[in-house]
Peer 1: 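The following block contains the structure, expressed as structure tokens.
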Number of protein chains: 2
Amino acid sequence: MHSSTDTSSLTALIGDLVSVNHRLTRLAAASTASAESPAVWRTIAVLRDLGPMRLGELARVSRVSQPTMTKLVHTLDDRGWIRRIADANDARAWLISADPSGLEALDAWRDELVGAMAPYFDDLSIDERETLARAVAVIRTRIERADDTARNGAATA
Amino acid sequence: MHSSTDTSSLTALIGDLVSVNHRLTRLAAASTASAESPAVWRTIAVLRDLGPMRLGELARVSRVSQPTMTKLVHTLDDRGWIRRIADANDARAWLISADPSGLEALDAWRDELVGAMAPYFDDLSIDERETLARAVAVIRTRIERADDTARNGAATA
DNA sequence: GAAGAATGCATAGCCCAACTATATAGCTAG
DNA sequence: CTAGCTATATAGTTGGGCTATGCATTCTTC
């Protein structure tokens, strides 16, 4: 399992990564009674991290289609969690911006989620914590690289 | 960032973990044109890893409701990817077992997925690979512990 | 500066995974 | 043998995801 440099082990590694990723998703979903969906939180988090942007760009960064993002933004707007700012330079477009109440709701959800999941992780050793933190960082760089590609309107690799 | 034993850093770590997890899920979803859904593959993988089991148990381990699993099993059965074996001891129940063709399909899907995602990960250093491999192992132990609890019919902690 | 192409978002209509609530069938105790 | 529990199935809803398409606006080009 640790003979790490050949291609086949990269295959196994990515396969395992995706597999454990799906299982963690189910665990997280089952761990919170929150009525709101992950997609909603993902969207607010993107706006928080990258700042206001147009709907279409938000869709590409979130890796969903533009109509899907239109629906999500509508949901978010209904809850008052984002604001739509008319783009002065282009009457077709809006800038979507996270509303403070949205950031607050995001934090509350995160706290609830973490509260529910912490029992599974609170016996991590310091080493294990650092391993997880580094893994998160590694994956994040790869995803962000892919996001940049997507952001410039490229197709799916 | 490394004053690692306090609660707040665990909160941040879990939050980051779940966040990057969702983004990886979107990347994976967008990376394959496969018509089949992740839930299908997750189910076969569970059967492969844990062996034949009853539908209800499969639902608990997969952390979905029993009706959801009934539907998934139906889908899998239509494709011939699982077998339903009558439980000799209980006429209400079946043992669900992965069919070889299902395992084959799972492998094919994994290969396709990995092929699509490898470009994002093929420049990993050996260190980074080992970090990811260890992180996968750590998360897996936590999920399996949670699974065992679920398997015995417990609620969501 | 108007016609046609390209762009940005919305709408329509679909599929599927997830849920709750409930029905049906079979097992098990008394 | 009946009461209740257990295992799966069905019904019906919600919501994220998609493609296809419509409509308004901007850009381009002559």
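Below, chain A is the first sequence line, B the second, and so on; all start at residue 1.
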Peer 1: In dot-bracket form, how is DNA chain C paired, counting a Watson-Crick or G-U wobble pair only if both its distances are under 3.5 Å and using | for bases paired to another strand?
Peer 2: ||||||||||||||||||||||||||||||
Peer 1: Establish whether the base of D:dA9 is bridged to the side chain of B:Gln66 by a donor-acceptor pair shorter than 3.5 Å.
Peer 2: yes
Peer 1: Please determine whether a side-chain nitrogen of the Lys or Arg among A:Glu130 and B:Arg134 lies less than 4.0 Å from a carboxylate oxygen of the Asp or Glu.
Peer 2: no
Peer 1: With sequence neighbours left out, write down each residue that passes salt bridge (Lys or Arg N to Asp or Glu O under 4.0 Å) with A:Arg42, or none if nothing qualifies.
Peer 2: none
Peer 1: Check B:Leu103, B:Val40, B:Leu47 against B:Trp81 for a side chain to side chain contact (heavy atoms under 4.5 Å, CB included) and give me the one that passes.
Peer 2: B:Val40
Peer 1: Between C:dG8 atom C1' and A:Glu57 atom CD, what is the distance in whole Å?
Peer 2: 13 Å
Peer 1: Give the rounded distance in Å between these two atoms: CE of B:Met53 and C1' of D:dA7.
Peer 2: 16 Å
Peer 1: Please answer whether the main-chain N or O of A:Arg63 pairs with a side-chain N or O of B:Arg26 as donor and acceptor at a distance below 3.5 Å.
Peer 2: yes
Peer 1: Nearest-Å distance, CG (A:Leu95) to P (C:dG8)?
Peer 2: 12 Å
Peer 1: Using OP1 and OP2 only, check whether a side-chain N or O of A:Arg63 sits under 4.0 Å from D:dC18.
Peer 2: no
Peer 1: Using modelled atom types only, decide if a donor and an acceptor are shared between the side chain of A:Ser62 and the backbone of A:Ala59 within a distance under 3.5 Å.
Peer 2: no
Peer 1: Side-chain N or O of A:Arg60 less than 4.0 angstrom from OP1 or OP2 on C:dT7?
Peer 2: no
Peer 1: Grab the CG-P distance between B:Leu58 and D:dA9 for me, whole Å please.
Peer 2: 12 Å
Peer 1: Does a side-chain N-to-carboxylate-O contact under 4.0 Å join B:Arg54 and B:Asp90?
Peer 2: yes
Peer 1: Over how many whole Å does the gap from A:Asn89 atom CG to D:dC27 atom C1' extend?
Peer 2: 14 Å
Peer 1: Output the rounded distance in Å from CG (B:Asp87) to P (C:dA25).
Peer 2: 19 Å
Peer 1: From C-beta outward on B:Asp90, which listed nucleotide comes closest to its side chain: D:dC18, C:dG26, C:dA17?
Peer 2: C:dG26
Peer 1: Determine whether B:Leu113 and B:Met117 make a side-chain contact, defined as any pair of heavy atoms from C-beta on separated by less than 4.5 Å.
Peer 2: yes
Peer 1: Ignoring hydrogens and geometry, is there a side-chain-to-backbone donor-acceptor pair from B:Arg79 to B:Thr75 under 3.5 Å?
Peer 2: yes
Peer 1: From CZ of A:Arg54 over to C1' of C:dA10, roughly how many Å is that when rounded to an integer?
Peer 2: 16 Å
Peer 1: In whole angstrom, give the distance that lies between atom CG of B:Leu55 and atom P of D:dT6.
Peer 2: 17 Å
Peer 1: Counting only side-chain heavy atoms from C-beta out, which of C:dC9, D:dT8, D:dC18 sits nearest to A:Val64?
Peer 2: D:dC18
Peer 1: Is B:Thr43 reaching over with its side chain to a backbone N or O of B:Ala39, donor-acceptor style, under 3.5 angstrom?
Peer 2: yes
Peer 1: Among residues 68-81 of chain B, which ones have heavy-atom contacts with DNA chain C below 4.0 Å?
Peer 2: B:Thr68, B:Lys71, B:Leu72
Peer 1: A:Arg92 or A:Arg84: which one's nearest nucleotide on DNA chain C is closer to the 5' end?
Peer 2: A:Arg92
Peer 1: A:Ser37 has a side chain; which of C:dC27, D:dT8, D:dG15 sits nearest to it?
Peer 2: D:dG15
Peer 1: Of all the nucleotides listed (D:dT26, C:dG8, C:dG26), which has the minimum atom distance to the side chain of B:Ala91?
Peer 2: C:dG26
Peer 1: Where the side chain of B:Pro67 is concerned, which of C:dC27, C:dT20, C:dC9 is the nearest nucleotide?
Peer 2: C:dT20
Peer 1: Can A:Asp127 and A:Ser125 be counted as having a side-chain donor-acceptor contact under 3.5 angstrom?
Peer 2: no
